[in-house]
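Before any comments, here is the structure.
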Amino acid sequence: MADIKDLRAKSDDELNEQILALKKESLNMRFQQTNGQLTNTDRMRQVRREVAQIKTILSERKKGV
């Protein structure tokens, strides 16, 4: 899981790229779960939280907070 300080240090473009990568990972994990191949189910939760953190940071920047 990424540290919030590291996320805040990244540019908006880097954060958007990371969101795309995490969403691809999430999609792959959902397929694995459907096929019974997923071993680390906690990672799904981590990915969702990390996407939420990044979206929060982007929203804060947009609002100027």
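- The side-chain heavy atoms of Arg61 and Leu15, taken from C-beta on, include a pair separated by under 4.5 Å.
- Remark: side-chain polar atoms of Thr34 are paired, donor with acceptor, to backbone N or O of Arg30 under 3.5 angstrom.
- Here the side chains of Leu58 and Ile19 are in contact, with some heavy-atom distance below 4.5 Å.
- Of the inter-residue distances, the one linking Leu27 atom CG with Met29 atom CE reads 9.5 Å to the nearest 0.5 angstrom.
- Annotation: the span from Gln46 atom CD to Ser26 atom OG amounts to 12.5 Å, rounded to 0.5 Å.
- For the pair Arg8 and Glu60, the salt-bridge criterion is met [side-chain N within less than 4.0 Å of a carboxylate O].
- With contacts defined as side-chain heavy-atom distances shorter than 4.5 Å, the pair Asn35/Gln32 does not qualify.
- From Gln53, atom CD reaches atom CZ of Arg48 across 13.0 Å, with rounding to the nearest 0.5 Å.
- In this structure the side chain of Leu38 never reaches within 4.5 angstrom of the side chain of Arg43, judged on heavy atoms.
- The shortest side-chain heavy-atom distance between Ile4 and Ile57 falls under the 4.5 Å cut-off.
- In this structure, the separation between CD on Glu14 and CD1 on Ile54 is 11.0 Å, given to the nearest 0.5 Å.
- Atom-to-atom distance recorded for Glu50:CD and Arg45:CZ is 14.0 Å, nearest 0.5 angstrom.
- Atom CD of Glu25 sits about 10.0 Å away from atom CE of Met44, to the nearest 0.5 Å.
- With a 4.5 Å cut-off on side-chain heavy atoms, Ser59 and Lys63 count as touching.
- Side chains of Gln18 and Leu7 form a contact here, defined as non-hydrogen atoms less than 4.5 Å apart.
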